[in-house]
Structures are given as structure tokens and as C-alpha cells.
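Each ligand, and each atom within it, is numbered from 1 in the order the structure gives. None of these values were measured; they are calculated from a predicted model. Sequential numbering from 1 along the given sequence is applied to the chain's residues. Hydrogens, waters and symmetry mates play no part in the numbers below; they use all other heavy atoms, side chains included.
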Amino acid sequence: MKTAQHFFYQNDTLTVDGVPLDKLAMQYGTPLYVYSKAALTEHFRQYADVCKQFETDDIHSLVCYSVKSNSNLAILNILGREGAGFDIVSGGELLRVIAAGCDSRKVIFSGVGKTASEIRLALEHDILCFNVESFAELRRINRIAAEMGKKARVSFRVNPNVDPKTHPYISTGLKENKFGIPYEEALAGYEEAARMPHIEVTGIDCHIGSQLLDDAPLLEALDKLIDLFDQLAQKGIELKHIDIGGGIGITYDNEIPVAISDYLTRIFGKITTWKNAKYPGQSISMMFEPGRSISGNAGLLLTQVQYLKTNSDKNFAIVDAAMNDLMRPSLYESWHTVLPVVKRQTETKTYDIVGPICESGDWLARQRTLSIETDDLLAIMSAGAYGMAMSSNYNTRGRAAEILIDDKKAYLIRKRERPEELYALETIIS
Ligand SMILES: Cc1ncc(COP(=O)(O)O)c(C=O)c1O
Ligand SMILES: N[C@@H](CCCC[NH3+])C(=O)O
């Protein structure tokens, strides 16, 4: 079985950067999310380093980590110290970025349903830019900025109608999706925005989907953004940045996603040629919103087998993690590799790995050939993105604890939730 660089076996025991997972399970219990700081920073630097190579006096860039993929404060803090900006989709995420000690002026705010209080909060904290997703939202931002005596920086999230060729639930750039402003209406929208006294039009953006293995759809989307940029320039509306969103995929099983350096080289190649030909001397910033490609393969979910059972002719390994801890398999039928923490040489069987929740959809992996016994530990791999971040308290299950490994030391970066905490906000009426 293939393991990634930061998740490897030593003496037949799976480790995160050399820290054995059986020891962590003993100390912190299961289910447990375990992340590698080294993997996280390495993935971020894959973006930041290539961006730096293409920096010139008038081509700049900002990598805005997509907070929704994994929003633990420790993770945000590490990325902030690496120089990341942040892509957020709620006031809560903005408060997380601030609580993590990161700079709110490097925050971009996406999302179709920004409330008035979220817009106010973002303006109070002087965020870099709103990625506006409708005309109604634009007008609301202008009104609130006027009340606050401010000018809001905005970019339009245009919907380029490009097929990202990924799971339909995580496609966001097709006409029928709820996201963004239709491409054909963007020009008129920008003209309206440019006339608004409390709006400063600064950019253009899109985000066409997630877990893309090929960058061709992203390059196609970039062409469309560039085209709109040119049309706007002809109307005297000068943009300062282009944000191509996130979406680069990772290996869950044996997929081979485009290398980030190749993708960025193609993006900057296009931008440099176009900008130097048409806008020499004008400053342009390229922005990115990666989530999964930074956090996804920086973490795993550790779980313990509670029972083995056979119904009809199907074998089940019932573990203590469930769909409330990792929702992706139930939601998208997605694949996560399952590895034994301690390798056994005994007979293998084919198992469905399921949780204790009262739903047939509560499974983490299906039809996996493993040699396991009751009480064994299993690692659900590639769970650093959209794992803990999408977890819930269904069945009154406290969320898992989170551990970060840094330089062979384990840090508890989120305590396990206790049942009392789950009902602490509830009241019995007389
Ligand atoms: C607006 C926006 N930006 C960035 C991302 C991050 O995407 P990914 O994790 O695929 O890089 C998402 C999630 O798909 C998103 O909705
Ligand atoms: N939550 C999804 C990705 C959606 C990204 C949000 N726009 C996943 O687990 O793959």
C-alpha cells in the first residue's frame, strides 16, 4: 500500500512524521484527527514559492487559503505566518482568522448569502475584498458601506459556465449552479458598481469547482476572465486583480492531479504574456483560493474497530468514527484509503467500514480488503480537508479531538467535545 511522504510505516506501525499513531490513540483517544504541520506548510509553499518566481514589479500574487476546508485556529495561524491570505464564506470564518492572529486585510469574502451583519463585520475589519455573487448583494454592500462612511472593495464572482469535470455536487461554475453572476450580465453589473459611491471595483474572480484533476477548465475560465477584463478596460473600468479560485484536486486513491507548479506556470505564463502586451506598466495581482490541495493530504482520521460482524455474507468493521466525523463518503460516495495502524500478517477479508450512527448511509469505506481484529486502529487517509470542518453532532456525538504533529511533537489543537457541552445551550421549558 502506498503512503504519502508524511504518513509512513516504521516497524510496521503507521506514523505521522515519525510519531506512531497507536501512541496518539492511547493518549488522546479516538476518533482523532491528526495533521502534519510539515505537510501543511509544504503544500502551501508549493503555491507560494511558484508565485514568488513569477513576481515582477507589476505582477503580484496572493494565495488565499480557503478556510472552509479546515478552519482550526492552529492551522490558520501556521498558514498566516507563511504569508497566506484567506478566502472566507461567513462572518464566523472571519472571526476565526482574526482569533488565529491573522491579518483581516488579507481576507476575501465569497459566498452567495452574505448577511447585513456579516458585511458590516467585514467592513469593520477592512477586509481586502468582497467577492460579490449577485446584484442584490452589491447594492446591499453599497448601502451598508454608506451607512458606515466607508468604501467597500469588490470583485465580481462571475460564473464562466465552464465544466470543471468533477463530481456534480462540487461543480460551481456551470450556468445552472447558484454561484456567481452570469457571465453575460457581468459587464452591466460592473458599470452599475463603478457608479456606486461606496464601492471600489478592484477585481474579478471565479471558482468553478473542487477536486479538479486537470487544469484545462481553469485555464479556459481564466481566458473568460481576461476577456471580461479587456472589455471593462475599454469602458474605463480598470481592475487590479484576477482571482481564479481554488479547486485543484488531490490523490485520494490513485488519481493523478495536475502538479501545482505546472498549473501555476501555465496561469502565470498566460497572465504575463497578456499583461505585457496589453497593459505594460499596469500593476496586476493574481489571487488563488486553494483549500483541499493544502489541507487535504495533511491529515487523517484515526479510528478504532469496536466490533466485527457478518450479516448475510457481508463483513462489517464497526468503528468509533462515523459520518458525523467524516461526511464525505456518505455525501459524495467519496473514496478514502483505509490503512491499518499496526500491520498484521493474518488472513484478510473484505469489509465495509461503518460507523455507529443509525443511518445506512453511515459508512466510511466499502469493500476494503484488510486484516483486522476487534480493537485494531485504522487510519482514514486524506481527511485533512472537509473532514473536521464538515463534522456535526448527529446522534449527540461530540466532535473528535484534533492533533497537530510538529517536529515529532504532538499538540492538542482542539479538545474532544464532551456531551454536556453539546446540550449546554439548550433550555427546558416549564
Ligand atoms: C469560493 C471558493 N473558493 C475556494 C474553494 C476551495 O476549493 P478547493 O478546496 O477545491 O481548493 C471553495 C470550495 O470549493 C469555494 O467555494
Ligand atoms: N466539501 C466538498 C467540497 C466542496 C467545496 C466547497 N465549495 C468535499 O468534501 O469535497
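- Considering CD1 of I88 and SG of C64, their distance stands at 10.5 Å, rounded to 0.5 Å.
- Distances shorter than 4.0 angstrom do not occur between any heavy atom of A385 and any atom of ligand 1.
- Considering backbone and side-chain atoms together, I248 places no N or O closer than 3.5 Å to any N or O of ligand 1.
- Taking distance alone, with nitrogen or oxygen atoms compared against 3.5 Å, Y332 approaches ligand 2 more closely than that limit.
- The closest approach between G245 and ligand 1 stays at or above 4.0 Å for every heavy atom of the residue.
- Every N/O-N/O distance between S66 and ligand 1 stays at or above 3.5 Å.
- Ion pairing between K240 and E200 holds under the 4.0 Å rule for side-chain N and carboxylate O.
- The N/O atoms of Y386, backbone and side chain alike, include none that comes under 3.5 Å of an N/O atom in ligand 2.
- Y190 has its ring centre less than 6.0 Å from the ring centre of F156.
- Set against the non-hydrogen atoms of G247, the atoms of ligand 1 under 4.0 Å away are 7 (O), 8 (P), 10 (O), 11 (O).
- The ligand atoms of ligand 1 that sit less than 4.0 angstrom from a heavy atom of R157 are 1 (C).
- Of the N or O atoms in Y386, one or more lie within a sub-3.5 Å distance of an N or O in ligand 1.
- By the side-chain hydrogen bond (donor to acceptor under 3.5 Å, both in side chains) test, K278 is found to be paired with D230, residues two or more places apart in sequence or in another chain being considered.
- Close contacts of ligand 2 with K68, meaning ligand atoms under 4.0 Å from a residue heavy atom, involve 6 (C).
- A salt bridge is defined here as a Lys NZ or Arg NE, NH1 or NH2 lying under 4.0 Å from an Asp or Glu carboxylate O, and K37 with D17 fails to meet this definition.
- Per-residue contacts place D87 under 4.0 angstrom from the following atoms of ligand 1 (heavy atoms of the residue considered): 2 (C), 3 (N), 4 (C).
- A donor and an acceptor atom, one from each side chain of N324 and R397, are located under 3.5 Å apart.
- The residue from R292, M390, E289, Q211 that puts a heavy atom closest to atom 10 (O) of ligand 2 is R292.
- Across the listed options K68, R292, H207, H207 owns the non-hydrogen atom lying nearest to atom 7 (O) of ligand 1.
- Each of the following atoms of ligand 1 lies closer than 4.0 Å to a heavy atom of P290: 11 (O).
- Partners of T350 by side-chain hydrogen bond (donor to acceptor under 3.5 Å, both in side chains), not counting sequence neighbours, listed by chain and number: T369.
- Using modelled atom types, one finds no donor on one side chain facing an acceptor on the other under 3.5 Å when comparing D325 with S391.
- Taking the ring centre of F109 as origin, the terminal cationic atom of K114 falls inside the region bounded by 6.0 Å and 45° from the ring axis.
- At least one N/O-N/O distance between G291 and ligand 1 falls below 3.5 Å.
- Near E289, meaning under 4.0 Å from one of its heavy atoms, ligand 1 places the atoms 1 (C), 2 (C), 3 (N), 4 (C), 5 (C), 6 (C), 11 (O).
- Using modelled atom types and a 3.5 Å distance limit, the side chains of Y394 and E359 yield a donor-acceptor pair.
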